[in-house]
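Report on the following structure.
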Amino acid sequence: MLLLYFLLWTAVAANKEPLYRKIGDKAVLTTDSVVTPIKSIAWTHGPSIAIEWFRNGDETFAYRQFKDRGSLNTLTGALTITGLTPDDSGSYTVEINNKVTSKTQLLVISPVSKPTISVWCVMTYCVLTCTGDTTGAEPVTYWWTSGNTTWSSTKEHNITMVEKELWFSWFSCAFENPVSNISSEEVFNPFIRNQLIFMAILLLVVCIIIITFRRKGIINFSCEWIKELLKWTFIYMLVCILVVFNIMLIFDSNFEGRKELLTRMFIMIAVFGVVLVEFIIFICILYKARLSL
C-alpha cells in the first residue's frame with residue numbers, strides 16, 4: 001500500500017507544472033500538504049540543502065544564496081526567495097518532519113524583448129518574420145495580429161495576394177513567455193503598400209499627361225463642362241469619405257476596425273479618382289480631336 005501511494009505521488013509530482021518567475025522577482029514555494037505539529041522543515045535545491053529549520057531550539061539555517069535571499073515560514077513550510085537569478089532555477093524538494101511533502105520545479109527566465117518584423121516579398125508571395133532576442137527567455141510563443149484577429153503561429157507568417165490576409169492593412173507580432181509579453185510596431189501590408197506605390201506612380205503619370213496635353217492645347221480647362229465634371233467628382237469623393245467614416249463611427253467602436261476601414265476606403269477612392277481622371281482626359285482628347293476634324 002505504501003509503495004502504491006509513493007508511485008502515485010511520484011506521478012503527480014512529475015506532472016506538476018513548472019513554476020516560472022522573472023529575473024529579479026520573488027518566488028514563494030509552498031508544500032502540497034502540511035503535517036502538524038511541524039517539528040522540522042528542510043528545503044533542498046537539487047542535491048544540496050537550501051534552508052532548514054528545527055523546532056527544537058527554533059533555529060533556521062540557510063546556505064549559499066539563500067542566506068541573503070531566502071526566508072522560511074515555519075507555520076506553513078513555505079520558502080520565499082527574493083531577487084531571483086537564473087542560478088535559482090532547479091528542482092526544489094521540501095521535507096516536513098523528515099517526510100517529503102512537495103517537489104517544485106522553479107524556472108527563472110528573462111522577460112521577452114520587443115520584436116521587430118522583417119518583410120521579404122517576391123511577386124505575389126510575402127514572408128513576414130518576427131525577430132528579436134529570446135536568449136534566456138524560453139519558452140517563447142509567437143503571436144500575430146492583423147485587424148481584429150490574433151493567432152498563435154511560428155516566427156514566420158506567409159501571405160499571398162489570393163489569401164484573405166490581403167484585406168488586412170496592418171500586421172504586428174508579439175513575443176510571449178510565462179512571465180511577460182510585448183508586441184512589435186505595426187507594419188503595413190506589403191501588398192497594399194505596393195498598391196499605393198503603383199497608384200502614386202499612375203497618378204504622377206496622369207499629371208504629366210495633363211500638363212503635356214494642356215501645353216499643346218489638346219486639353220482646355222476653360223471648358224465649363226470639364227470644370228463642372230471635376231468639381232462634382234471631387235464632391236463625390238468627399239461625400240464617400242464622410243459617409244463611410246460616419247457609418248464606421250456608428251457601428252464600429254474598435255480602433256483597429258476603423259483603421260482597417262479607413263485604409264481600404266482610401267485605396268478604393270484613390271483608385272476611383274485616378275480612373276475617373278484618366279477617363280476625363282480620354283474624353284477631352286476625343287472631344288478635341290473631333291473639333292479638329
Side-chain angles (χ1 to χ4, degrees), residues 12-34 38 40-54 58-96 100-118 128-145 150-157 171-187:
V12 171
N15 293 327
K16 189 176 181 181
E17 291 292 330
L19 179 65
Y20 287 94
R21 287 294 182 267
K22 183 170 59 176
I23 293 177
D25 283 355
K26 76 173 182 177
V28 179
L29 310 184
T30 59
T31 177
D32 294 333
S33 61
V34 177
I38 298 178
S40 65
I41 304 171
W43 280 92
T44 59
H45 178 210
S48 305
I49 292 291
I51 194 168
E52 55 186 351
W53 171 83
F54 300 96
D58 195 22
E59 292 183 277
T60 300
F61 301 94
Y63 307 93
R64 301 179 307 284
Q65 70 265 35
F66 303 100
K67 289 182 179 180
D68 299 323
R69 298 187 289 108
S71 60
L72 188 64
N73 187 325
T74 57
L75 297 178
T76 64
L79 169 63
T80 300
I81 310 170
T82 60
L84 290 169
T85 70
D87 291 336
D88 296 323
S89 297
S91 177
Y92 287 80
T93 303
V94 58
E95 292 184 11
I96 296 181
V100 176
T101 59
S102 179
K103 286 187 176 181
T104 303
Q105 185 72 17
L106 175 64
L107 298 176
V108 182
I109 59 178
S110 302
V112 292
S113 61
K114 186 172 183 176
T116 58
I117 297 179
S118 60
L128 309 181
T129 304
C130 190
T131 59
D133 185 11
T134 59
T135 304
E138 293 82 2
V140 175
T141 302
Y142 295 86
W143 292 92
W144 289 89
T145 300
T150 299
W151 64 95
S152 176
S153 184
T154 60
K155 66 184 301 182
E156 291 185 352
H157 178 61
F171 287 93
S172 67
C173 71
F175 286 160
E176 182 182 40
N177 68 6
V179 299
S180 63
N181 65 83
I182 189 169
S183 297
S184 69
E185 299 293 337
E186 294 177 329
V187 298

>> Can a side-chain donor-acceptor contact be found between Ser184 and Thr116 if the only test is distance below 3.5 angstrom?
In response: no
Quick one: does [X]'s side chain have a donor or acceptor within less than 3.5 Å of a partner on [Y]'s backbone?
{"X": "Asp88", "Y": "Thr85", "result": "yes"}
{"X": "Arg69", "Y": "Thr82", "result": "yes"}
{"X": "Trp43", "Y": "Gly77", "result": "yes"}
{"X": "His45", "Y": "Ser89", "result": "yes"}
{"X": "Ser113", "Y": "Asp133", "result": "yes"}
{"X": "Trp143", "Y": "Ser172", "result": "no"}

>> If you apply the rule side-chain contact (heavy atoms from CB on, under 4.5 Å), what do you find for Glu52 with Glu95, and how did you get there?
In response: CA-CA 9 Å; Glu52 55 186 351; Glu95 292 184 11; over 6 Å; no
Supply the atom-to-atom distance [X] [atom1] to [Y] [atom2], rounded to the nearest 0.5 angstrom.
{"X": "Ile109", "Y": "Leu84", "atom1": "CD1", "atom2": "CG", "answer": "11.5 Å"}
{"X": "Gln105", "Y": "Tyr20", "atom1": "CD", "atom2": "OH", "answer": "9.0 Å"}
{"X": "Cys173", "Y": "Glu186", "atom1": "SG", "atom2": "CD", "answer": "11.0 Å"}
{"X": "Trp144", "Y": "Thr154", "atom1": "CH2", "atom2": "OG1", "answer": "8.0 Å"}
{"X": "Leu79", "Y": "Phe66", "atom1": "CG", "atom2": "CZ", "answer": "6.5 Å"}
{"X": "Phe175", "Y": "Ser183", "atom1": "CZ", "atom2": "OG", "answer": "10.5 Å"}

Give me the atom names and distance for the closest heavy-atom approach of [X] to [Y].
{"X": "Ala137", "Y": "Asn177", "answer": "O-ND2, 3.0 Å"}
{"X": "Tyr142", "Y": "Cys130", "answer": "CE2-O, 4.0 Å"}
{"X": "Ala27", "Y": "Leu106", "answer": "CB-CD1, 4.1 Å"}

>> Run Ile49 and Thr44 through side-chain contact (heavy atoms from CB on, under 4.5 Å) and show every step you take.
In response: CA-CA 4 Å; Ile49 292 291; Thr44 59; 3.4 Å; yes
>> Tell me which one of Thr76, Asn73, Thr101, Thr104 satisfies side-chain hydrogen bond (donor to acceptor under 3.5 Å, both in side chains) with Thr31.
In response: Thr101
> Between Trp151 and His157, what is the ring plane arrangement, given parallel below 30°, perpendicular above 60°, and tilted in between?
Replying inline: tilted
> Does a side-chain heavy-atom distance below 4.5 Å link Leu29 with Leu19?
Replying inline: yes
> Side chains of Thr135 and Ser110: does their closest heavy-atom pair fall under 4.5 Å?
Replying inline: no
>> Let's go through Lys155 and Thr129 carefully: what are the C-alpha distance in whole Å and the side-chain angles of both, what is the deciding distance for side-chain contact (heavy atoms from CB on, under 4.5 Å) to 0.1 Å, and is it a yes or a no?
In response: CA-CA 6 Å; Lys155 66 184 301 182; Thr129 304; 4.2 Å; yes
> In terms of heavy-atom contacts, does CD of Glu185 have more than 12 from other residues, nucleotides or ligands at under 6.0 Å?
Replying inline: no
> Just one of Thr30, Thr93, Ile96, Val94 clears the side-chain contact (heavy atoms from CB on, under 4.5 Å) bar with Ser102, so which one?
Replying inline: Val94
